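Read through the structure below, which is laid out as structure tokens, and then see the notes.
So that the names make sense, note that chain A is the first sequence line, chain B the second, and so on, each numbered from 1. Note that the structure is predicted; figures quoted are calculated from it, not measured.
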Amino acid sequence: MRERRGFTVAAGLLTAAVVGSACEQPEATAVPDVGSPLFWVGCPAAKKFTGGGRIDPGGQKVTFGFNIHASNTCEPLKGQLQVVYHPTQSKYHAGTTSSGGSITSFASFPSPEGGECGEFRGTVRAKHGNGEWHTHDFFAQACDNGEPGSSPGTGPDTFWFEVSGEGPGHGSTGPTPLTGGNIQAH
Amino acid sequence: MLSQCTQQWTTRLAAAFAVLGLSAAAAASAAAQTAAGEAYGAYVQTPEASQAKSPLAVLPSVGPGSGDMAEASGEALSVLGAFSSDLLTSVTSGAVGAGTAGAQSVATVAEVSILSGLITASRVFAVTSTSRSGSTTISNAYGSTFENLRVSGVSIADNVAPNTRISLPGVGYVVLNEQVQHATGITVNMIHVVLQTVTGGECTSLECLPEVTATVGEIIVGSASSSVR
């Protein structure tokens with residue numbers, strides 16, 4: 001059986017909204033359990049996702065942009081991610097070719113809202129304010145649930161970013177509707 | 001020699017393929033071919049100082065079946081007497097798929113001060129999105145906003161209406177949340193200061209010279225654009 005792996009996450013950015021339903025799905029290719037907070041195995045949905053915009057988890061502003069392209073076996077072939085958590089001026093970067101941050105795994109699945117979701121994880125280079133660059137494990141999920149502007153301020157697309165570590169600038173946004181921007185599955 | 005029945009089927013199949021070919025061609029002509037995007041934190045061009053678009057993120061060429069992203073950021077930026085800020089970030093991404101295409105761009109700037117405090121803001125967010133499905137293109141600037149914006153000491157609402165123009169006596173004017181929609185996409189400049197000088201207007205006993213207003217520079221803070229063709 002395809003499984004959606006889960007555990008409770010520490011909420012440094014804001015309280016994580018853990019999705020606990022729909023835990024059983026059809027069989028797919030097995031990949032190592034890499035400890036993602038919620039991670040689908042396999043990629044029966046789209047293998048290319050692109051997006052960018054703004055979310056406001058807990059009333060705090062987070063902006064992001066990403067592009068990821070995976071193989072038929074869910075291997076990330078090409079990808080980049082930028083996330084900025086503005087309250088602490090924390091920046092996060094990852095890419096399949098960048099040094100210090102990497103996207104190492106990918107999965108996709110049908111969205112409960114009728115669209116498609118992509119998940120990817122790995123390590124990000126992070127910098128909080130004027131601090132030093134360092135790395136964290138990260139998890140990101142992006143769901144394409146419709147065209148931008150069809151429900152402004154409340155999605156319909158969602159983005160979720162989670163980074164390991166304690167204190168301000170760490171934790172989980174939880175799956176949050178886009179305030180602006182768009183997620184596109186191809 | 002083909003039988004009559006075979007000839008009829010051959011003719012029908014040829015006609016069917018012709019129709020399919022035309023349909024595919026029509027679909028291809030309607031499908032998006034490229035996605036484009038750009039985002040930057042600030043641009044300054046005044047008689048005294050200049051600063052190219054910075055930090056600038058420009059989406060690399062994105063054609064059918066591909067996607068990409070570009071990003072840039074800066075810890076701070078200062079242009080003497082014209083502009084200063086803390087963290088600036090820019091990101092743009094886009095892709096062209098079989099039936100849909102899209103691009104989205106985001107620029108953010110923190111602790112903005114323009115013209116030695118004439119305009120200030122804690123944060124500026126410029127967000128644009130353009131998507132195309134079939135022959136329908138949708139663009140918007142949802143997510144674009146300010147935090148603690150003040151113009152000439154007057155507090156301005158975060159969600160100021162698009163293309164709000166405010167006069168800056170002795171300086172020119174500023175357009176807030178400037179949105180330019182076009183057939184293939186959208187550009188939003190969250191703060192666009194236009195610097196002007198006025199010459200003429202002097203009067204003699206015989207006549208008064210006409211006043212001539214000239215634009216001598218501009219400052220743009222928080223710019224994002226996206227388009228699909």
By a 4.5 Å heavy-atom criterion (distance strictly below it), what part of Ser122(B) contacts chain A: side chain, backbone, both, or neither? neither
Quick check for you: among Ser105(B), Ser90(B), Ala110(B), Ala103(B), which has the greatest number of heavy-atom pairs under 4.5 Å with chain A? Ser90(B)
Between Arg165(B) and Glu178(B), is the closest basic N to carboxylate O distance under 4.0 Å? no
The interface call for Phe64(A) against chain B, heavy-atom contacts under 4.5 Å, is backbone
Does any backbone or side-chain atom of Ile55(A) lie under 4.5 Å from a heavy atom of chain B? Answer side chain, backbone, both or neither. neither
Parallel, tilted or perpendicular: which fits the ring planes of Phe120(A) and Phe138(A), with parallel below 30° and perpendicular above 60°? perpendicular
Please determine, among His69(A), Lys48(A), His186(A), Lys78(A), the option with the most heavy-atom pairs under 4.5 Å with chain B. His186(A)
I'd like to know whether Asn189(B) forms a side chain to side chain donor-acceptor pair (under 3.5 Å) with Ser223(B), so could you lay out the CA-CA distance, the side-chain angles of the two residues, the decisive distance to 0.1 Å, and finally the verdict. CA-CA 4 Å; Asn189(B) 299 315; Ser223(B) 178; 2.7 Å; yes
Separation between CG (Asn145(A)) and CG (Leu178(A)), nearest 0.5 Å, reads 10.0 Å
What residue, out of Ala70(B), Ser66(B), Ser226(B), Ser73(B), has the most heavy-atom pairs lying under 4.5 Å from chain A? Ser73(B)
Would you mind reporting whether Gln179(B) and Ile186(B) have side-chain heavy atoms less than 4.5 Å apart? yes
Counting only non-hydrogen atoms closer than 4.5 Å, does Thr92(B) touch chain A with its backbone (N, CA, C, O), its side chain (CB onward), both, or neither? neither
Under 4.5 Å heavy-atom distance to chain A, tell me which part of Ala72(B) shows up: side chain, backbone, both or neither. backbone
So, His128(A) and Gln89(A): side-chain donor and acceptor under 3.5 Å apart, yes or no? no
